[in-house]
Amino acid sequence: MGLFRGLVSLLVLFLLQRSNTSLVRLNDNGYEDLVIAIDPGVPEDGKLIEQLKDMVTTASTYLFEATQKRLFFKNVSILIPKNWEGSPEYKRPKHESYEQADVRVAAPALPGRDEPYTRQFTECGEKAEYIHFTPDFVLGKKQNEYGPSGRLFVHEWAHLRWGVFDEYNEEKPFYNSTSKKIEATRCSTGITGKNRVYKCQGGSCTENLCKINSTTKLYGKDCQFFPNKVQTEKASIMFMQSIDSVLEFCNAENHNQEAPSLQNIKCNFRSTWEVISNSEDFKNTTPMAAPPPPPVFSLLRISERILCLVLDKSGSMSSSTRLDRMNQAAKYFLLQTVENGSWVGMVHFDSAASVKSELIQIKSDSEKNKLLGSLPTVALGGTSICSGITTAFQVIKKLNPQIDGSEIVLLTDGEDSTTGRCTDAVKQSGAIIHLIALGPDAEKAVIQMSNETGGKHVFASDEAVNNGLIDAFGALTSENADPTQKSLQLESKGLTLNNDTWMNDTVIIDSTVGKDTFFLVTWEKQPPSISLWNPNGTLTEAFTRDTLSKMAYLSIPGTAQVGTWTYSLQAKANPETLTMTVTSRAANSSVPPITVNAKMNKDTNSFPSPMIVYAQVLQGYLPILGASVTAIIESNSGKTQVLELLDNGAGADSFKDDGVYSRYFTSYSENGRYNLKVRAHGGTDSVRRSLRHPLNRAAYIPGWVVDVNPPRPETNEDTQTILENFSRTASGGAFVVSQVPDTTNAPLPDLFPPSQITDLDATSEGDQINLTWTAPGDNFDVGTVQEYIIRISGSIIDLRDNFDDALQVNTTDLSPKEANSKETFAFKPGNISEENITHIFIAIQSVDKSNLTSKVSNIAQVALFIPKADPGPDEGQSNPNPGESHPNHDSGVNISTVVLSVVGSVVVVSIILSTTICILKKRNSSRRPRTDTLFSLIIYVIISTLVPGTFVPSRNTIKVLNTVCLAIFCQLIFRK
């Protein structure tokens, strides 16, 4: 503990978020504790529950076969909203919650858009966030468009659990293959069909051939691939699992590495099965000998939140400003964070525990005020954490004999060697323990309790400048509350004032919030003067001052005015630490508010591995684009790093314009904990609400070759401008870094290479190739690289596996730009040694000043040929797998029709030629052999031209036709 105490000098907030952390675990080949949550906005419908059961049951069997008899769904919890009517079979949830559910059943982001999708923004092989199904999809109303729900669930589960990607690409639906044909992006190429343009109007549709764009050398945007209804190919589930024959994932043998699928782009051309079979799920299981049992379902109905504050008032809490800060944060929690309808009680403890308030249901300010009056005012005595927890259990049992799902918020500042004696009882209780450890002496047994019960735990030092303790209590909103009822943080700011006595700033209230708007000011020494002006410039009424707890607050009645609010705080002591916190709720229950959620890619790390910061900016399920998002990362010693987060699809950011803003973090200054806070700001006319369909959405079935579906509903615009400012702040938790070298006498060694280029694109213009990409940095995505190495090859696999041996392009005139700038470069490829190449493949590697090299970029390509368009409706379709023979399979050609057409054509031509030859023969009988030979050759050419390679009569057959025609037509012409 001495080392810990020495590391902590300023506020260190360590909040390990339980939200978005799946409870799923694998036990004896079966997935347990899968949570499917129904959104409170979904109208009550008992059929929905039954359809969910059917979907998962069907999916379990399909998953078992697709994973080679390894994996299945063992038990599943369906979380039912509180506003649905109760039932005897419904139980109270334990640790299950809406926010950390694996599957969310919620209304579509926009009306009419029922596409299932997985919220996925991490790297290949990493777990995703959640699956979003709409009620209409679950109820089977969208089966024609997306196929059977059980099969589609397995497709989305592969995204969620194993981090694989789709084997199609809506932005690049076609590509030029090495067979010199335009192919649909798919896996495997054994999936057959045709490429057509269907235009529908007034209930009728027309079919047209796809046209090649002269610039891209690919089909236009209106062209679609229509698969055949009947197939024999078994792969792949990540392309179109709705095809009856598809039972497997693409593997190394049948994977289509040529296609620009998201799987190839994100997973370096590895097949989905290669990624899946390398997961921990497969390393820890073996195939089963017998089929698995069907899933077992538990129906859990969300009920009122039950929570007990367990507050430490031992003697050590009198040091520094601990008691004041605890009361400030607890009052903030009771006044603003906890939701109406919740049951809240309070227990104090030192060497023993006492009940200060039985559970009270929060309905108005009177209940809150009663609880506020129960906060401790004096700190004395020893520390007995178990006494506080067991007393809280007794309080909860008076209301609810089953403690399952109840929450305990434990705030303590010291160690207690006796805590281990109640650990087992806490685990078995079903309660959730949230730990807030104030100061350096956190009891390890309580940390373990919090982890194992699914709670959050927070470490905070004795300094208040960064508002960490208030932020920690603010993060304890209910994970099952309606998002429109949750308290959202608009501002959280602290400042230590020395010479300048003023703290002035503004807060933006946008139209999506404004209800229950709350301003909170805290200080350490003396009450400051406080002034707050609304957007009209009118000075607001006076704040309520609580000098005992050193805080002042103001609640805006009704809905706060939209616009910029200005505040001015003047300190009355020098030095002084002041903080300002502003929260609000949704202005309208039918309009989801703009929200910000932040996290790191992992909780622990060791130098020199980089970390990634993620911040999601959403309105409901719609991404918000164009926001200014910054991450503030503070070390143990108070050193602060500010990062601009980007949504540009480069560096740490997986997808452009998905509302997830990301950046690498490598500026480690010491070992220990680093705290994360994120601020998001939107400026007038610059921020847009994305109306695009979500990435990683299920493939819409356009129809089959013989049965076309209506076109998928699309929006006319990709984005919609938000004509107002907004601001949000969010705590993103903390992470622990180890093995950081001592930087007292020397800077950190440069061990960070440039980030991988992931958006390289190539186009051809005459004999020149034009490249574009986003510049990486000297240290991942920060700084400027020293140089680029560009290499080309005629083989995509050779370039991937043997990059250093490929032909290098002269980049003498290419000067790298700063990270995240747009780079362009043009070159002429010259001669490539490979023979019979159809494409030129290009990749880039970056080199920094320390001669560290990046990973090889994604591979771009240009075709060296003009592709062939698809044949017409009555013509054959090429073999999807060159080298294989598929007579009559999916050719679209009727051989009998072909033969009759050929014979008919020959007969017509024979009549004309026979007549001519007979006349010539009468005039000059000596030239008959030459005219007969000419006649035979003409027939041979006609037949070969009409049906190349399909029906070519032998020369003897043609001679027989020749003799017969001559005999018949000469007799007819000259019989008289």
Side chain to side chain contact (heavy atoms under 4.5 Å, CB included) between Val513 and Phe726, intermediate numbers included
CA-CA 10 Å; Val513 293; Phe726 77 89; over 6 Å; no

Sub-6.0 Å ring centroid separation between Tyr198 and Phe226
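Yes, they do, as the ring centres are separated by less than 6.0 Å.
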
Trp157-Phe73 aromatic ring centre distance below 6.0 Å
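Centroid distance Trp157-Phe73: below 6.0 Å, so yes.
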
Please check: side-chain N/O of [X] versus main-chain N/O of [Y], any donor-acceptor pairing under 3.5 Å?
X	Y	answer
Gln100	His95	yes
Glu50	Leu48	no
Asp647	Gly626	no
Arg585	Gln485	yes
Ser584	Gly514	yes
Asn29	Arg70	yes
Asp222	Val197	no
Glu339	Ala481	no
His132	Ala106	yes
Arg186	Ile191	yes

Residue pair [X] / [Y], side-chain donor-acceptor N/O under 3.5 Å:
X	Y	value
Glu156	Thr118	yes
Glu233	Ser245	no
Thr192	Gln231	yes

[atom1]-[atom2] distance between [X] and [Y], expressed to the nearest 0.5 angstrom:
X	Y	atom1	atom2	value
Ile624	Arg728	CD1	CZ	9.5 Å
Ile276	Cys250	CD1	SG	10.5 Å
Asp102	Leu79	CG	CG	11.5 Å
Thr134	Leu139	OG1	CG	8.5 Å
Ser662	Leu646	OG	CG	8.5 Å
Glu145	Asp136	CD	CG	10.0 Å

Decide yes or no on side-chain hydrogen bond (donor to acceptor under 3.5 Å, both in side chains) for Ser236 and Glu167, but give the supporting numbers first.
CA-CA 8 Å; Ser236 170; Glu167 286 172 326; 2.6 Å; yes

Tell me which pairs pass salt bridge (Lys or Arg N to Asp or Glu O under 4.0 Å) where either residue lies in residues 34-46, with sequence neighbours left out.
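Of all non-adjacent pairs touching residues 34-46, none passes salt bridge (Lys or Arg N to Asp or Glu O under 4.0 Å).
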
Side chains of [X] and [Y]: does their closest heavy-atom pair fall under 4.5 Å?
X	Y	answer
Gln68	Trp273	yes
Asp510	Asn725	no
Leu26	Leu71	yes
Trp84	Ile38	yes
Glu207	Lys194	yes
Leu152	Tyr62	no

Please evaluate residues Arg151 and Val154 with respect to the criterion side chain to side chain contact (heavy atoms under 4.5 Å, CB included), reporting the C-alpha separation (whole Å), side-chain torsions for both, the decisive distance (0.1 Å), and the verdict.
CA-CA 5 Å; Arg151 284 177 164 238; Val154 174; 5.9 Å; no

If the plane angle is over 60° it's perpendicular, under 30° parallel, otherwise tilted; pick one for Phe165 and His159.
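Correct class here is perpendicular.
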
Parallel under 30°, tilted from 30 to 60°, perpendicular over 60°: which one fits the rings of Tyr31 and Trp162?
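Aromatic pair Tyr31/Trp162 classed tilted.
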
Please report the closest heavy-atom contact between [X] and [Y], naming both atoms and the distance.
X	Y	result
Thr758	Gly649	OG1-O, 3.3 Å
Ala107	Val42	N-CG2, 4.4 Å
Arg270	Gln263	O-NE2, 3.0 Å
Pro40	Asn83	O-ND2, 2.8 Å
Ile594	Leu488	O-CD1, 3.9 Å
Lys456	Glu479	CE-OE2, 3.7 Å

Check this for me, if you would: do [X] and [Y] make a salt bridge, where the nitrogen-to-carboxylate-oxygen distance has to be below 4.0 angstrom?
X	Y	result
Lys656	Glu171	no
Asp404	Arg92	no
Lys599	Glu129	yes

With side-chain hydrogen bond (donor to acceptor under 3.5 Å, both in side chains) as the criterion, how do Thr512 and Gln619 come out once you've worked through the C-alpha distance, each side chain's angles and the decisive distance to 0.1 Å?
CA-CA 9 Å; Thr512 69; Gln619 184 179 9; 5.4 Å; no

Axial cation check for Phe133 ring with Lys142, 6.0 Å and 45° limits:
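Cation-pi check for Lys142 and Phe133: fails.
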
Passing option when Phe153 is tested against Val103, Val138, Leu52 for side-chain contact (heavy atoms from CB on, under 4.5 Å)
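When side-chain contact (heavy atoms from CB on, under 4.5 Å) is applied between Phe153 and each of Val103, Val138, Leu52, only Val103 qualifies.
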
Verdict with reasoning, Ser279 to Asp281, per side-chain hydrogen bond (donor to acceptor under 3.5 Å, both in side chains)
CA-CA 5 Å; Ser279 68; Asp281 290 354; 4.8 Å; no

Can you list the residues that meet the ring pair (Phe, Tyr, Trp, His ring centres under 6.0 Å) rule with Phe72, with sequence neighbours excluded?
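Listed in chain order: nothing, the list is empty.
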
Passes side chain to side chain contact (heavy atoms under 4.5 Å, CB included), Arg161 versus Val24? Steps please.
CA-CA 9 Å; Arg161 183 72 182 180; Val24 173; 3.5 Å; yes

Can you establish whether the number of heavy atoms outside Lys53 located under 6.0 Å from its atom NZ is more than 12?
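Enclosed.
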
Inspect the surroundings of NZ in Lys199 and state if more than 12 heavy atoms from other residues, nucleotides or ligands are less than 6.0 Å away.
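Check fails, neighbour count at 12 or below.
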
Evaluate side chain to side chain contact (heavy atoms under 4.5 Å, CB included) for Ser97 paired with Asn480, printing each intermediate quantity in order.
CA-CA 6 Å; Ser97 71; Asn480 287 319; 3.4 Å; yes

